[in-house]
Each structure stands twice: as C-alpha cells, then as structure tokens.
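Read the numbers this way: they start at 1 and go in the same order the structure lists the ligands and their atoms.
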Amino acid sequence: MPIKSALLYLSTSDGLKNFLTRFKSFNNVTRRFVAGESLADATHAIRELNRKRITASFDHLGESITSEVEARAEVQEYLKVLASISENALDSNVSVKLSQLGLDINPGLCFENTRAIVEAAALYRNFVRIDMEDSSKTDSTLEVFKRLRADRENVGIVIQSYLRRSEEDVDELLRLGARIRLCKGAYDEPSSVAFAIKADTDKNYVLLMKKLLTSDIYHGIATHDEKMIAATKEFVAARGIPSERFEFQMLFGVRRDLQEKLIAQGYRVRVYVPYGLYSYPYFMRRLAERPANVWFVLKNMLKG
Ligand SMILES: Cc1cc2nc3c(=O)[nH]c(=O)nc-3n(C[C@H](O)[C@H](O)[C@H](O)COP(=O)(O)OP(=O)(O)OC[C@H]3O[C@@H](n4cnc5c(N)ncnc54)[C@H](O)[C@@H]3O)c2cc1C
C-alpha cells in the first residue's frame, strides 16, 4: 500500500511532472496507457478496437484546468470528438471529468459546459459518461449529474466501490434510472470515506454489481479484476441475465488479452481510450494500480 499511496501523491505533484515530462523516454512509456496526443491518434486506436468488436469511450485528458477559457476549450474539443465519432462511424461514446469542465472554478459554468456536450451528444444519438474524481468532488459531481439527468437520458455517472457512501448513492441513482459505470476507485482516500482494506472494496463491488444488474438499466462493469469478472459472469448466469443487458469496461492498454477473451465468450466490452497532451496524472494513477508497472517504466526510460 505505501507505494500505491506514494504514486497517487506524486500524481498531483507539478514538480515531478515538470521533471519527468522533460524526458522523451518518459513520454514514450505513457503511450502504453494513452492512445496518443491527438484526436486522430485516438480515432485510429478506436477503429482498431471496433474491428475487434470492442466498443470505446473517448477521454480527452485535461483534468485540473485553471480558467474558464480552458474549460470552454474542453467543450469545443468534445464537440469535435462527437462530430468525429459520427463522421467516422465509430462505435464509441465519450467520458468527461467535471474538473476539466470547470467544476473547481465555477460549478454553474461547469453545469452549462457539461450540458452543451450532453445536448450535442443527443443530436448524434450518443452518450456522455461523467467520470468520478476524488471524494472532495463526489457531491458536486452527483449534483451536476442529477440536474442533467432530469432532462436528458443520454448521460451516465460513475460509482466507486471503495467509498463507504456508494451503496446509498447507488440506491438513489437507480431510483432516477441512472446508467452507472461501477469501478473500484482510483484516488488516495482517507479511511473515513473509503474502505482501507482491498477485500472490503471488492466485497462492496460484488454487492453493488448485483444491485446494478438486477435493475433493468444498462450499466458498465468496469474492472480488470478476474475475480470481479468471474463473480459477474456467475451472477448473470444464475439469474438468466442476457449478455447484451450490460457491458464490461476496461482501460486502454490494460489486459488486452482479457478484453478479447470476453468478446470471444459473447460478452460486450467497452474500452476507455484517453488521448491528449496532459497525460501525467492519468498515467501515474495507472502505475499506482499496479506498482509492478514502475519497473517497466524505469527499464524503458533507462533504455531510452
Ligand atoms: C473503463 C474504466 C473507467 C474508469 N473510470 C474511473 C472513474 O471514473 N473514477 C475512478 O476513480 N476510477 C475509474 N477507473 C479506475 C478504477 O477505479 C480502478 O482504479 C482500476 O480499474 C483498477 O481496478 P480493477 O478493478 O481493475 O482491480 P484491481 O484489483 O486494482 O486490479 C486487478 C488486476 O487487474 C490488473 N490491473 C489493474 N489495473 C492495472 C493497470 N493499471 N495496469 C496493468 N494491470 C492492471 C492487474 O492484473 C491487477 O492485479 C476506471 C476503470 C475502468 C476500467
């Protein structure tokens, strides 16, 4: 656990970011989890996934923006993404982080920005998933989501099984008909709000997965954990829930073998595809999920 916490702490460090991103070899290794810097790079990656019958979600990397101008630029980027999905006939939706759309600067502006993306997506008959960030943003993120969901069905939310509050949130969100992506949670949280022991997060994941999959709403089961996947398969088999009633979701560059295996077994799989210049915090969270990846990075940086 200490390595994980240290990596999550460093994911917010500007000093380390400025130091590491000076090395070309560091930027090269981030490509393991990031499709590239441009929309064209992500489009290419998604076309390849679609060829394997895997659907996708575009994520433009850009959390922690510091001005309203930057937040508006993110909206423009997502409008381009939605147009590009349509023009290229890609099987993909989009994922957004509210901090990227101005949540920390001006929640009212953030709501308007997110609404602009959700409305544009509706015109394209597409869908917007609102990612969940650290627990300081859970309430404000849920509030923006609920206001949007009151008018639009093409918007969904994320729930993290490591948060103690999540069961209550799921119950409320299901009453609203919300489409939920269930994940374990990727941030460093105090034990007052999140389970400190992985087994408790996993137990909660299974409990929440069962609630979601018996709700008659289409949800995403986002995990690379074979135990969570096995529990899901076992549950849907026992309940006779057809495989087209939900989807597994995974991250770009993580467990490609498992993604393809699930497709071959007749399940739906969606892959989250990040792209953009601002890959540092995203990359560091991916390292924290599997500290063994640090050796991969160091080896490749030394080689480069
Ligand atoms: C589609 C998708 C969207 C997500 N959206 C959010 C979000 O909005 N908010 C949020 O807080 N979190 C999000 N996450 C991240 C999530 O919360 C977890 O941090 C991440 O998925 C790792 O948890 P796990 O379920 O894979 O299980 P873990 O128990 O962490 O890992 C199980 C196994 O999966 C493999 N694995 C997991 N991660 C990696 C990795 N980075 N590199 C290589 N192997 C790995 C390893 O073999 C590991 O032993 C998302 C994850 C996915 C898949």
Side-chain angles (χ1 to χ4, degrees), residues 1 3-5 7-8 11 29-30 32-35 46 49 54-59 61 63 92-100 103 127-138 141-142 145 156-163 165-166 169 179-189 193-195 197-206 208-209 219-232 246-259 261-262 268-274 279 281-297:
M1 266 323 175
I3 296 188
K4 182 171 182 168
S5 291
L7 287 166
L8 287 173
S11 74
V29 287
T30 62
R32 175 172 172 170
F33 298 116
V34 175
I46 289 181
L49 289 165
I54 297 173
T55 61
S57 192
F58 274 90
D59 167 49
L61 296 166
E63 55 204 272
S92 182
N93 59 32
V94 298
S95 292
V96 297
K97 283 189 173 48
L98 295 192
S99 64
Q100 184 175 7
L103 187 67
F127 178 80
V128 180
R129 175 79 61 185
I130 297 178
D131 286 348
M132 191 57 79
E133 299 176 69
D134 68 81
S135 64
S136 70
K137 301 183 179 68
T138 310
T141 302
L142 287 173
F145 168 73
I157 189 71
V158 175
I159 286 289
Q160 299 152 320
S161 73
Y162 66 10
L163 289 190
R165 60 179 284 168
S166 285
D169 287 333
R179 282 176 58 177
I180 296 173
R181 171 200 295 152
L182 178 64
C183 67
K184 290 190 188 178
Y187 298 83
D188 199 17
E189 299 289 359
V193 298
F195 299 113
I197 298 170
K198 180 172 156 51
D200 291 335
T201 297
D202 290 356
K203 196 167 146 216
N204 202 34
Y205 193 99
V206 173
L208 299 178
M209 173 273 287
H219 300 293
I221 304 300
T223 182
H224 316 93
D225 186 339
E226 301 213 35
K227 288 205 286 303
M228 300 300 109
I229 291 170
T232 306
F246 71 98
E247 61 189 33
F248 286 111
Q249 298 185 350
M250 295 191 201
L251 299 174
F252 180 78
V254 181
R255 295 301 312 265
R256 291 191 186 98
D257 57 329
L258 193 50
Q259 297 168 14
K261 189 168 143 197
L262 287 168
R268 291 184 171 192
V269 178
R270 184 177 304 276
V271 166
Y272 182 97
V273 179
S279 58
Y282 179 86
F283 180 72
M284 293 299 279
R285 289 199 296 275
R286 302 295 74 87
L287 287 192
E289 282 155 6
R290 193 161 176 268
N293 287 340
V294 172
W295 304 119
F296 161 85
V297 173

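- The main-chain N or O of His219 is never found under 3.5 Å from a side-chain atom of Gln249 such that the two would form a donor-acceptor pair.
- A salt bridge links Asp257 to Arg255: one of the charged nitrogens lies within less than 4.0 Å of a carboxylate oxygen.
- Without hydrogens or angle criteria, Glu133 side chain to Ser99 main chain gives a donor-acceptor distance under 3.5 Å.
- Protein heavy atom closest to atom 6 (C) of ligand 1, with residue, atom name and distance, is Cys183 SG, 3.8 Å.
- Considering Ile229, Asn204, Leu182 as possible partners of Met209, the one that fulfils the side-chain contact (heavy atoms from CB on, under 4.5 Å) test is Leu182.
- At the top of the distance list for atom 19 (O) of ligand 1, counting protein heavy atoms only, stands Glu289 OE2, 2.6 Å.
- Ligand 1 places these atoms under 4.0 Å from at least one heavy atom of Val158: 7 (C), 8 (O).
- Remark: the Ser95 side chain and the Arg181 side chain contain an N/O donor-acceptor pair separated by less than 3.5 Å.
- A pairwise comparison of heavy atoms in Lys227 and Asp225 identifies N-OD1, 2.8 Å as the closest pair.
- Of the protein's non-hydrogen atoms, Met132 N, 3.0 Å is the one closest to atom 8 (O) of ligand 1.
- Heavy-atom proximity to Tyr187, at under 4.0 Å, picks out these atoms of ligand 1: 11 (O).
- In this structure, atom 5 (N) of ligand 1 lies nearest to the protein heavy atom Arg181 NH1, 3.0 Å.
- Of the protein's heavy atoms, Val254 CG1, 3.7 Å lies nearest to atom 39 (C) of ligand 1.
- Among all protein heavy atoms, the one lying closest to atom 44 (N) of ligand 1 is Arg290 CD, 3.1 Å.
- The nearest heavy-atom contact from the protein to atom 24 (P) of ligand 1 is Thr223 OG1, 3.6 Å.
- Closest non-hydrogen pair, Asp131 versus Thr141, comes out as O-CG2, 4.0 Å.
- Below 4.0 Å from some heavy atom of Arg286 lie the following atoms of ligand 1, by number and element: 15 (C), 40 (C), 41 (N).
- Contacts with ligand 1 closer than 4.0 Å are made by no heavy atom of Glu226, backbone or side chain.
- In the vicinity of Asp131, heavy-atom distances shorter than 4.0 Å reach the ligand 1 atoms 8 (O).
- Which parts of ligand 1 touch Tyr272 is read off a 4.0 Å heavy-atom cut-off, strictly below it: atoms 1 (C).
- For atom 48 (C) of ligand 1, the nearest protein heavy atom lies 4.0 Å or farther away.
- Stacking of Arg270 on the aromatic ring of Tyr272 is not recorded, the 6.0 Å distance cut-off and the 45° axial limit not both being met.
- Counting heavy atoms under 4.0 Å from ligand 1, residue Asp225 touches it through both backbone and side chain.
- For ligand 1, the atoms sitting less than 4.0 Å from at least one non-hydrogen atom of Ala222 are 1 (C), 2 (C), 52 (C), 53 (C), numbered in the order shown with element in parentheses.
- Near Gly185, meaning under 4.0 Å from one of its heavy atoms, ligand 1 places the atoms 11 (O), 16 (C), 17 (O), 19 (O).
- By the definition of a contact as any protein heavy atom under 4.0 Å away, atom 31 (O) of ligand 1 is not in contact.
- With hydrogens and angles ignored, the 3.5 Å screen pairs no side-chain donor or acceptor of Thr201 with any backbone N or O of Tyr162.
- Glu189 contributes a side-chain N or O that, together with a main-chain N or O of Ser135, makes up a donor-acceptor pair within less than 3.5 Å.
- In the vicinity of Gln160, heavy-atom distances shorter than 4.0 Å reach the ligand 1 atoms 9 (N), 10 (C), 11 (O).
- With a 4.0 Å cut-off on non-hydrogen atoms, Glu133 does not touch ligand 1 at all.
- Across every non-hydrogen atom of Gln259 and Val254, the tightest pair is NE2-O, 2.8 Å.
- Judged by distance alone, with hydrogens and angles left aside, the side-chain atoms of His224 form no donor-acceptor pair with the main-chain N or O of Leu258 at under 3.5 Å.
- Protein heavy atom at the shortest distance from atom 42 (N) of ligand 1 is Asn293 ND2, 3.1 Å.
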